[in-house]
Q: 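Right, I'll just put the structure down here and ask away after.
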Amino acid sequence: LSGEQVLDSLLKQLQLDQPPVLDGDAAEGLAIPAHVRAQYVALLQHSHADHSRGK
Amino acid sequence: RFSQNFREVAGRFLVSEASTHLLVFGMEQRLPPNSELVQAVLRLFQEPLPRAALRRHERPTPRSARARVTIEWLRVRDDGSNRTALIDSRLVSIHESGWKAFDVTEAVNFWQQLSRPRQPLLLQVSVQREHLGPGASGAHRLVRFGAQGARGEPQLELHTLDLKDYGAQGNCDPEAPVTEGTRCCRQETYLDLQGMTWAENWVLEPPGFLTYECVGSCLQPPEALTFKWPFLGPRQCIASETASLPMIVRMKEGGRTRAQVVSLPNMRVQKCSCASDGALVPRGLEP
């Protein structure tokens, strides 16, 4: 698994053509709301095994 | 067949006079533990045509006359209702006799997915006329198969591979380097997203994550078996179970930015297995 594959999958999921241009300062100040973090943690804990169809 | 993209289409009975047999196979202890089912073959013995029956038939039956034999897996649900799934179907010559083979691998796959205690494997064998329509002959009714418990009784062959030899090993030994001789295993690596320019200011969580790769090789069946199963490609080490990867990213909306959760499918390898191209992709059992 490479960084490029993660980027491709992320762009596909968010239906974007390229990564958004965001300024760094805003990123520093952005706190992750509790409900978003709770959703993230729940997904992390419950990520299910999907049967891959092989190659 | 064997495609997960097509679902059986319910239809109405136009002609309902197929002769149907129900075969029951006790399956417990039949499949060795820790083994992979490669193929299951149902063999039915088609009885020779009794001359007298042929003479009694309302009109001559041409040498080329055929009947359609269909095998369905029958499942008796908890509420007592039956569900069937088409497994195999082919034409047989009415005038021929002898063993006829049908591939019922998928039926055994379905049976393996049943919750315990499991009912026996129920296979419904239907013999239908080759063509429908006013001119169709009823010669298919002359087709007889040896019944269970009698001479020429149906045979169910189960062909398996012992995963102790032909399977993967769990996770790779982190201490041992992966070489050509390493048996298929899951190798752990770490993907650091913080070092990626595209992730800067965009990906808030995770900073990086454990990722796995299936490495190593698989033992190939001996030539005698590959000859028996020409439809199977070489065994390869593949990701047989994967999991999604949740992330938190920054999204711009109007003049503001907010945090959003997104889940990337099939991003993390949960299990590596040895599998062949051409092998049956098990259909999931409907609830």
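In what follows, every heavy atom counts, from backbone to side chain, and hydrogens, waters and symmetry copies are set aside. So that the names make sense, note that chain A is the first sequence line, chain B the second, and so on, each numbered from 1.
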Q: Please name the pair of heavy atoms, one in A259(B) and one in V36(A), separated by the smallest distance, quoted to 0.1 Å.
A: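 Closest approach of A259(B) to V36(A), heavy atoms only: O-CG2, 3.8 Å.
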Q: Below 4.5 Å, heavy atoms only, C-beta onward: do L7(A) and M196(B) meet side chain to side chain?
A: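 No, every pair of side-chain atoms sits at 4.5 Å or beyond.
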Q: Near E28(B) CD, under 6.0 Å, is it more than 12 heavy atoms from other residues, nucleotides or ligands?
A: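 It does: E28(B) CD has more than 12 such atoms within range.
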Q: Which region of E205(B), side chain (C-beta onward) or backbone (N, CA, C, O), has a non-hydrogen atom less than 4.5 Å from a non-hydrogen atom of chain A, or is it both or neither?
A: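 Contact with chain A involves both backbone and side-chain atoms of E205(B).
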Q: Taking all non-hydrogen atoms of both residues, which atom of Q13(A) and which atom of P265(B) are closest, and how far apart?
A: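 In terms of heavy atoms, the two residues are closest at NE2-CD, 3.4 Å.
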Q: Are there more than 12 heavy atoms of other residues, nucleotides or ligands under 6.0 Å from atom CZ of R258(B)?
A: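 Atom CZ in R258(B) is crowded, with more than 12 foreign heavy atoms closer than 6.0 Å.
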Q: So do V6(A) and F209(B) actually touch side chain to side chain, heavy atoms under 4.5 Å?
A: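 Sidechains of V6(A) and F209(B): in contact.
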Q: Testing the basics here: between Q39(A) and V261(B), what is the closest heavy-atom pair and its distance to 0.1 Å?
A: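 Q39(A) and V261(B) have their closest heavy atoms at OE1-CG2, 3.6 Å.
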Q: Which answer fits V21(A), side chain, backbone, both or neither, if we ask what part of it has an atom under 4.5 Å from a heavy atom of chain B?
A: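 Backbone only.
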Q: At a 4.5 Å cut-off on heavy atoms, which part of T211(B) comes close to chain A: side chain, backbone, both, or neither?
A: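 Side chain only.
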Q: Please rank I248(B), T189(B), L245(B), L191(B) by heavy-atom pairs under 4.5 Å with chain A and give me the top one.
A: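 Of I248(B), T189(B), L245(B), L191(B), I248(B) has the most heavy-atom pairs under 4.5 Å with chain A.
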Q: So which part of R268(B) gets closer than 4.5 Å to some heavy atom of chain A, the side chain, the backbone, both or neither?
A: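 The answer is the side chain of R268(B).
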Q: I'd like to know which of V41(A), L14(A), L16(A) tops the heavy-atom pair count under 4.5 Å against chain B.
A: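 The candidate making the most pairs under 4.5 Å is L14(A).
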Q: Does a side-chain heavy-atom distance below 4.5 Å link L10(A) with V203(B)?
A: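 Side chain of L10(A) against side chain of V203(B), heavy atoms only: contact under 4.5 Å found.
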Q: Just wondering, more than 12 heavy atoms not from F227(B) lying within 6.0 Å of its CZ?
A: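 Count not over threshold, so no.
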Q: Locate the shortest heavy-atom distance separating P20(A) from W202(B); write the atom from each residue and the value.
A: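 Shortest heavy-atom separation between P20(A) and W202(B) comes out as CD-CE2, 3.4 Å.
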Q: Check each atom of M251(B) against the heavy atoms of chain A and say whether the ones under 4.5 Å are side chain, backbone, both or neither.
A: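 Contact with chain A: side chain only.
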Q: Which bit of Q18(A) is near chain B, if near means a heavy-atom gap under 4.5 Å: side chain, backbone, both or neither?
A: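 Looking at Q18(A), nothing touches chain B.
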Q: Rounded to the nearest 0.5 Å, what separation is found between the CG atom of L204(B) and the CZ atom of R37(A)?
A: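 Answer for the CG-CZ pair, L204(B) versus R37(A), is 9.0 Å.
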Q: If you take all heavy atoms of Y40(A) and P246(B), which pair is closest and at what distance?
A: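 Heavy-atom minimum between the residues: CE1-O, 3.2 Å.
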Q: Among A275(B), P206(B), A199(B), which has the most heavy-atom pairs under 4.5 Å with chain A?
A: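 Answer, by heavy-atom pair count under 4.5 Å with chain A: P206(B).
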Q: Side chain from CB out, backbone as N, CA, C, O: work out which of these in L264(B) comes under 4.5 Å of a heavy atom of chain A, or both, or neither.
A: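 Contact with chain A involves both backbone and side-chain atoms of L264(B).
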